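Not measured: the values here are computed from a predicted model. So that the names make sense, note that chain A is the first sequence line, chain B the second, and so on, each numbered from 1.
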Protein chains: 2
Amino acid sequence: MVQSLERAFAILGEVARRPAGVTAIAERVRLPKSTVARLLATLEDVDAVERFDGAHWRIGPGVAALNAAVSPERNLIVAARPHLADLVGELHEDAGLGLPDGNEIRYVDQVESDNPVQVREWTGTRAPMHAVPSGLVLLAEWPDDALDAYLGGELAALTRRTVTDPARLRARLHEVCEAGYAWGLEEFAEGIDSVAAPIRDARGNAVAAIHVHGPAYRFPPDGGEPRITARVVEAAAAAGRDLEERELPRA
Amino acid sequence: MVQSLERAFAILGEVARRPAGVTAIAERVRLPKSTVARLLATLEDVDAVERFDGAHWRIGPGVAALNAAVSPERNLIVAARPHLADLVGELHEDAGLGLPDGNEIRYVDQVESDNPVQVREWTGTRAPMHAVPSGLVLLAEWPDDALDAYLGGELAALTRRTVTDPARLRARLHEVCEAGYAWGLEEFAEGIDSVAAPIRDARGNAVAAIHVHGPAYRFPPDGGEPRITARVVEAAAAAGRDLEERELPRA
DNA sequence: CGCGTTGTTCCGTATTGTGGAACAGTGCTG
DNA sequence: CAGCACTGTTCCACAATACGGAACAACGCG
């Protein structure tokens, strides 16, 4: 064991409990003042603590950064990113990552193709679950009561082609659930088609969706649906495996 | 600077970026394998990393614990707790802490008096803003558009005495805003009275509320309102000062 | 102004952290 | 099945790094 490291973490624990100056912290961890000052200076250097009020110490941004690096959302983004990039490299259309957020899908990442005629950037935006493939693959696995509540609410029609009839949606979701993917043809926005598949966590729950979208005039190419579908499903499964490796302790 | 500490944090950063075994991590930080193994063993000892899949390392629960110790909600709970305890010690009634959560107040902490005839525990529950003093002191400082939207919605009457008339509420909120506290007499639940004052953060925003509540038959005692009010207002202000000391960087 | 307290810095030294090497364990291939 | 490559674990001699007492500056209070 490395003593200085253990001492530093004891200091970190006390600082987190109650920010203070060097002398008080030293008393609380029962170490000499100069030792504590030196360790605090080093902890400051690595952003684990920061100064306030002249010479008082509190936890610094480095701890939040370490924690954020393994947060569930960031885990998903990091796990999915290389697979989004692979999809774009092969299919030459944009690929994105969506998370469920209440009754909506929120887009949290996107990799763009180098095609000059593109669809706009969606990251940061939201869409109703029923109107986009990413939403459909997640809705397909909602418990009955939650799905009933959703379908009993207002179902926005974003284009002429958005499916808003609850009965038709139920039947569709049943197919989506069995197939493990969903296509949407100009249902969210005129001129945009897309296909999505769910990312599953270690317990098999659908926790996010990977999708590929493109302008309707060229996507999907004639006869291209099966191949594109397969690739998206594979990419989502691979992202799920990567996600498993990254996940925080369940305890 | 303490070299071993800096090395340990370099390792932590890499582990957070991508969990791995000793050899890969050592390559990434460009240190000898045995040094990295020793530092990882120590980081494991302090819960900063943990093992998975036999001999792979990832960030451990200690980082989340450090981070949680300084989260905004926990900051509030920790800052307010001693003041809740003081209030209970003096007034011999329960004191609680409420946070705004959308259109509701959510109770996140409570200290109980030792009086044998008590009001039930509210921690973890929610209440509509307009029906409880804690909500009123927060509503009183909402921007006009948000307040308009709230008052234009459904205002639940929880008892005969709950004020649900928007005009009466507006006038009341004006008084609450000027006074800096609010009393509620059997408006949330029959037989329960309470008084609340806002906790303000470093910028002067009302971010939470401290309240004291008791059975209506004995609280407030005759003539006791002014003194109780003053104590609650003081406690909330003191909690705000403590909160300031604990707050995370704004960056 | 004197005093007590906190924060900062320095320096000699010994203790603690180091890193190369040995070895156990594992998986893959011919 | 044996050999090989690779990873993870442990040990030990030693020197580099971490240590802590002491000096001193700064600050607030009576």
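- Where the helix from C:dC1-D:dG30 to C:dG30-D:dC1 starts and where it ends, the local axes point in directions that differ by 40°; five pairs per end, rounded to 10°.
- Remark: C1' of C:dG17 and CD1 of B:Ile11 are 13 Å apart, rounded to the nearest angstrom.
- Heavy atoms of other residues, nucleotides or ligands lying less than 6.0 angstrom from OH of B:Tyr107 number more than 12.
- Listed by chain and residue number, B:Ser4 satisfy the side chain to side chain donor-acceptor pair (under 3.5 Å) test with A:Ser4 (two or more places apart in sequence, or in another chain).
- Partners of B:Glu44 under the salt bridge (charged side-chain N to carboxylate O under 4.0 Å, His left out) rule, at least two apart in sequence or in another chain, are B:Arg51.
- Partners of B:Glu112 under the salt bridge (charged side-chain N to carboxylate O under 4.0 Å, His left out) rule, at least two apart in sequence or in another chain, do not exist in this structure.
- With sequence neighbours left out, A:Glu225 forms a salt bridge (charged side-chain N to carboxylate O under 4.0 Å, His left out) with no residue at all.
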Measure all distances between protein nitrogen or oxygen atoms and nitrogen or oxygen atoms of nucleotides 5-9 of chain C, and list the pairs falling under 3.5 Å.
from	atom 1	to	atom 2	distance (Å)
C:dG7	OP2	A:Val22	N	3.3
C:dG7	OP2	A:Thr23	N	2.8
C:dG7	OP2	A:Thr23	OG1	2.6
C:dG7	N7	A:Lys33	NZ	3.1
C:dT8	OP1	A:Arg51	NH1	3.1

Indicate every side-chain donor-acceptor pair of residues 82-91 of chain A with a distance under 3.5 Å to a residue at least two apart or in another chain.
from	atom 1	to	atom 2	distance (Å)
A:His83	NE2	A:Asp242	OD2	2.7
A:Glu90	OE1	A:Arg231	NE	2.7
A:Glu90	OE2	A:Arg231	NE	3.0
A:Glu90	OE2	A:Arg231	NH2	2.8

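- Taking the ring pair (Phe, Tyr, Trp, His ring centres under 6.0 Å) definition, one finds that A:His56 meets it with A:Phe52, sequence neighbours left out.
- If you measure from atom CD of A:Gln3 to atom C1' of C:dT16, you get 7 Å, rounded to the nearest angstrom.
- Atom C1' of nucleotide C:dG17 and atom CG of A:Leu5 are separated by 11 Å, given to the nearest angstrom.
- The separation between B:Glu6 atom CD and C:dT18 atom C1' is 16 Å, rounded to whole Å.
- Checked against salt bridge (charged side-chain N to carboxylate O under 4.0 Å, His left out), A:Arg227 has no partners two or more places apart in sequence or in another chain.
- Closest of all the heavy-atom pairs between B:Leu31 and B:Val36 is CB-CG2, 3.8 Å.
- Evaluation of the side chain to side chain donor-acceptor pair (under 3.5 Å) test over residues 23-32 of chain B, restricted to residues two or more places apart or in two chains, returns B:Glu14-B:Arg28.
- Residues passing the side chain to side chain donor-acceptor pair (under 3.5 Å) test with B:Arg81 are B:Asp109, sequence neighbours excluded.
- Once you apply a 4.0 Å limit to the heavy atoms of chain B, the touched nucleotides of DNA chain D run 5' to 3' over D:dT7 to D:dA18.
- OP1 or OP2 of C:dG17 has not a single side-chain nitrogen or oxygen of B:Ser4 nearer than 4.0 Å.
- We find that CE of A:Met1 is positioned 12 Å from P of C:dG17, with the value rounded to whole Å.
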